[in-house]
Amino acid sequence: MIRAIALDDEPLSLDLIENFCLKTDEVELVKKFTNPNEALKYLRKFPVDLIFLDINMPNVSGIEVLKQIKQNTETIFITAHSEYAVESYNLNALDYLLKPFEYDRFLLAIKKVKSKISIENSEEKAIFIRSDYRLIKIYLSEIQHIESQADYLTIVHKNQNKTITRMTMIEILELLKTSNFIRVHRSFIVPLSEIKVIRDKKIILDSIEIPIGISYEKEINQIFLK
């Protein structure tokens, strides 16, 4: 599933993008923005795969917004002005949708994103963790959750094996910053892709319940509630 946000100063344009995303199995629109600063603030905390980005906005252009995005996020530009096409491709945007666009053209853009992400994911991402005086390679797709215990972290694998390392939560989050992980409690980090249910201030994974810390409730709601 491609996780996306949309930034456009026109609410009707955002509604159209949301409607097209709802019709498309491959993409989930997790958040809509009319304010560029709010969109950038969100991205710094919650990286996504894709941003639908309007070019011609008041005060700041979508091109300037794109230059401020530090995460590895694919971009589809949206605008009513065809003269921006060349510049958008120079900035490595995957596609350029000229308003008004139809659903078929939207689908073509999504297919480009899906193909690019599929190629990038073919080389599985991993991190190296020091444990028992060794460096251990851990594939991110193998992690079920991470738990903090005093000065140590326990990385719990999906096969229930565990890797214990002397690290802080801040240090491990720095390693994971371009990946799909979120801190949900002072003692827990989970991969977004492994969350099955959120209920009664708990996150349900396949075989475990993780508490949601009070100070993290707002951020979690921003991701899962539109």
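In what follows, every heavy atom counts, from backbone to side chain, and hydrogens, waters and symmetry copies are set aside.
Hydrophobic clustering keeps Leu14 apart from Phe33 (ILVMFWY residues linked when any side-chain heavy atoms are closer than 4.5 Å, directly or through intermediates). Taken together through direct or relayed side-chain contacts under 4.5 Å among Ile, Leu, Val, Met, Phe, Trp and Tyr, Val156 and Ile182 form parts of separate hydrophobic clusters. A continuous path of Ile, Leu, Val, Met, Phe, Trp and Tyr side chains, each step under 4.5 Å between heavy atoms, connects Leu176 with Ile136, placing both in one hydrophobic cluster. Hydrophobic clustering places Leu107 together with Leu50 (ILVMFWY residues linked when any side-chain heavy atoms are closer than 4.5 Å, directly or through intermediates).
Separation of atoms CD1 (Ile198) and CD1 (Ile220) is listed at 6.0 Å; rounding is to 0.5 Å. Annotation: the span from Ile204 atom CD1 to Ile210 atom CD1 amounts to 9.0 Å, rounded to 0.5 Å. Between Ile2 atom CD1 and Cys21 atom SG the span is 9.5 Å, to the nearest 0.5 Å. Note that CD1 of Ile5 is 4.0 Å distant from CG of Leu43, once rounded to the nearest 0.5 Å. Ile203 contributes atom CD1, which lies 4.0 Å from atom CD1 of Ile195 (distance to the nearest 0.5 angstrom).
Minimum heavy-atom separation, Asp9 to Pro58: OD2-CD, 3.5 Å. Listed here is the closest heavy atom pair of Arg186 and Ser148: O-CB, 4.3 Å. Closest non-hydrogen pair, Glu28 versus Met1, comes out as N-SD, 3.6 Å. The two atoms that bring Lys137 and Tyr139 nearest to each other are NZ-OH, 3.5 Å, heavy atoms only. Between Ser187 and Met169, the shortest heavy-atom distance links the atoms C-CE, 3.6 Å. His145 and Ile208 get closest at one heavy-atom pair: CE1-CD1, 3.6 Å.
More than 12 heavy atoms of other residues, nucleotides or ligands shown are found within 6.0 angstrom of CD on Gln149. More than 12 heavy-atom neighbours from other residues, nucleotides or ligands sit within 6.0 angstrom of CG on Leu135. For Asn161, the CG atom sits in a packed shell: over 12 heavy atoms of surrounding residues, nucleotides or ligands are nearer than 6.0 Å.
Hydrophobic cluster membership of Tyr152, counting Ile, Leu, Val, Met, Phe, Trp and Tyr whose side-chain heavy atoms lie under 4.5 Å apart directly or via other members: Ile164.
Salt-bridge formation is detected for the pair Glu64/Lys67: a Lys NZ or Arg NE/NH1/NH2 atom is positioned less than 4.0 Å from an Asp or Glu carboxylate oxygen. Here Lys32 pairs with Asp15 in a salt bridge; the nearest charged N to carboxylate O distance falls below 4.0 Å. Residues Arg105 and Asp95 are paired through a salt bridge, judged by an N-O separation under 4.0 Å between the basic side chain and the carboxylate.
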Determine whether Phe20 and Ile110 satisfy the following criterion, side-chain contact (heavy atoms from CB on, under 4.5 Å), listing intermediate values before the conclusion. CA-CA 10 Å; Phe20 283 175; Ile110 295 301; over 6 Å; no
Hey, mind stepping through Lys114 and Lys111 against side-chain contact (heavy atoms from CB on, under 4.5 Å) and telling me if it holds? CA-CA 5 Å; Lys114 186 178 178 181; Lys111 287 180 180 178; 5.5 Å; no
Could you give me the CA-CA distance, side-chain angles and deciding distance for Ile76 and Phe106, then say whether side-chain contact (heavy atoms from CB on, under 4.5 Å) is met? CA-CA 10 Å; Ile76 295 176; Phe106 174 87; over 6 Å; no
Where do Glu209 and Arg199 land on the side-chain contact (heavy atoms from CB on, under 4.5 Å) test, with the steps shown first? CA-CA 10 Å; Glu209 294 184 356; Arg199 181 179 63 231; 4.3 Å; yes
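Under the side chain to side chain contact (heavy atoms under 4.5 Å, CB included) test applied with Ile146, the options Ile172, Thr163, Leu173 reduce to a single match, Ile172.
Residues Tyr103 and Thr24 have side chains that bring a donor and an acceptor to within less than 3.5 angstrom of each other.
The salt bridge (charged side-chain N to carboxylate O under 4.0 Å, His left out) check on Glu147 picks up nothing, with sequence neighbours excluded.
Proximity of a side-chain donor or acceptor of Asp54 to a complementary backbone N or O of Leu7 within less than 3.5 Å is not detected. The backbone N or O of Arg134 sits nowhere less than 3.5 Å from a side-chain atom of Asp132 that would complete a donor-acceptor pair.
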